[in-house]
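Below, read A as the first sequence line, B as the second, and so on, with proteins coming before strands; counting in each chain starts at 1. Keep in mind that the numbers below use all heavy atoms, side chains included, and drop hydrogens, waters and symmetry copies.
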Number of protein chains: 2
Amino acid sequence: MAGRGDATRARLIDAARTLVEERGYFGAGLNDVIAAGRAPRGSLYHHFPGGKDQLVAEALAVSGREVTELIAGLAAEASDTAELIEAVLDALADRMEAAGYAKGCPIAAVALEAASGNDVLQRVCADVYGGWERALADRLIADGHAPGRADDLAGSLLALVEGSLVLARAQRSRTPVERARRSARTMLGS
Amino acid sequence: MAGRGDATRARLIDAARTLVEERGYFGAGLNDVIAAGRAPRGSLYHHFPGGKDQLVAEALAVSGREVTELIAGLAAEASDTAELIEAVLDALADRMEAAGYAKGCPIAAVALEAASGNDVLQRVCADVYGGWERALADRLIADGHAPGRADDLAGSLLALVEGSLVLARAQRSRTPVERARRSARTMLGS
DNA sequence: GTCTATAGCCAGATAGAC
DNA sequence: GTCTATCTGGCTATAGAC
């Protein structure tokens, strides 16, 4: 049954996605989330009886799917994996710059804060990263790499992307992402 | 004048370093810091009149210097940059695993949480990353790389290290770091 | 310079009217 | 299912005895 309640739910998830990406799990207060989502406190616990953990877990999963779809969309237009990585980095860097370096990877901050101490969120982050890695590895295999080698490469390409976003936000500069762009090509040997 | 006050100060910085690395800026409460540092509340504000921001800024700076020294120490034994990166990754991975994936990069979580919204901490993180990058670039130049190329490579190697630590903590696995180890060699073309 | 007590505020969560 | 009022507890920071 789709109703107005779903709209409220969606707004809360959207607000959580934004605030969690900008300030992390502990930095994103629920008061800010309900204000940004224009929802009363009660609605939050109606839609997310599991409280903050459930809301953030769902927000991370949605962001994860969005990036997976971004990768799939860009993969359809890229002629090889190197072009795909470049397109992904360009898209993420544009988004980051447009947000004044308040955005980068939507799940990295939570991944670090929750690595120890919150098993539910740690699992969600691991799954999201696993999905992105899988998408890259599939493309590498389609490009002719051996499966085992493809997994290794996909993991390192993802690490390069993630790390460049951390450095770019810390230094408020697009440079680390552009360097990663070039290095990805070197890693892929083309 | 070295006195007992300095010991208290050092304990507080040490406690802040640990807790901030594990849970980030917002996740590391001062109550936990003073408990771990075995110091009363008043001492914290005596030694750090600037409050939490000053304490965390100093903690990040100390951690930054420690890693810089780690790089310098390992560089003295490594025969080339590839060996240096491998040794750095091994050391960080050992530390991470020993801590049950509660540790990784001592400043990454804060870098993400403070990228927007806390100019003081953002600057500290940018400086620390800049110092590590400089140390790697210097070694690359010593190995015969052209300065401009060395800066690019150093930035990407650092991104690869940082990203692999994020993935490793999220997945609670050493694998991402080991993949980065191999890929660093590919990036350096040896 | 060490330490306690507490102010003042905001967090996450809940109860219950409508 | 929407919304308000409120509970409890934790947070950062400060005041002031010793």
note: A:R23, atom CZ; C:dC10, atom P; distance rounded to Å ~ 13 Å
Here the distance between atom P of D:dG1 and atom CG of A:L12, to the nearest Å, is 15 Å
Rounded to whole Å, NE2 of A:H46 lies from P of C:dT14 at a distance of 15 Å
Polar pairs (N or O, both sides) under 3.5 Å between protein and nucleotides 12-15 of chain D?
| unit_1 | atom_1 | unit_2 | atom_2 | d |
| --- | --- | --- | --- | --- |
| D:dT12 | OP1 | B:L30 | N | 3.3 |
| D:dT12 | OP1 | B:K52 | NZ | 2.9 |
| D:dT12 | OP2 | B:L30 | N | 2.6 |
| D:dA13 | OP2 | B:Y45 | OH | 3.0 |
| D:dA13 | OP2 | B:K52 | N | 3.1 |
| D:dA13 | N7 | B:R41 | NH2 | 3.2 |
| D:dA13 | N6 | B:R41 | NE | 2.5 |

Rounded to whole Å, CG of A:L44 lies from P of C:dA11 at a distance of 13 Å
So does B:R123 have more than 12 non-hydrogen atoms from other groups sitting under 6.0 Å from CZ?
no
List, one per line, each side-chain donor-acceptor pair under 3.5 Å for residues 26-36 of chain B, sequence neighbours excluded.
| unit_1 | atom_1 | unit_2 | atom_2 | d |
| --- | --- | --- | --- | --- |
| B:N31 | OD1 | B:R41 | NH1 | 2.4 |

By salt bridge (Lys or Arg N to Asp or Glu O under 4.0 Å), B:E22 pairs with (sequence neighbours left out) none
Whole-Å distance, A:Q54 CD to C:dA13 P, equals 11 Å
Sequence neighbours excluded, the answer for salt bridge (Lys or Arg N to Asp or Glu O under 4.0 Å) partners of B:R172 is A:D119
The salt bridge (Lys or Arg N to Asp or Glu O under 4.0 Å) partners of A:D138 (sequence neighbours excluded) come to A:R134
Rounded to whole Å, CZ of B:R38 lies from C1' of C:dC3 at a distance of 16 Å
Residues passing the salt bridge (Lys or Arg N to Asp or Glu O under 4.0 Å) test with A:D127, sequence neighbours excluded, are none
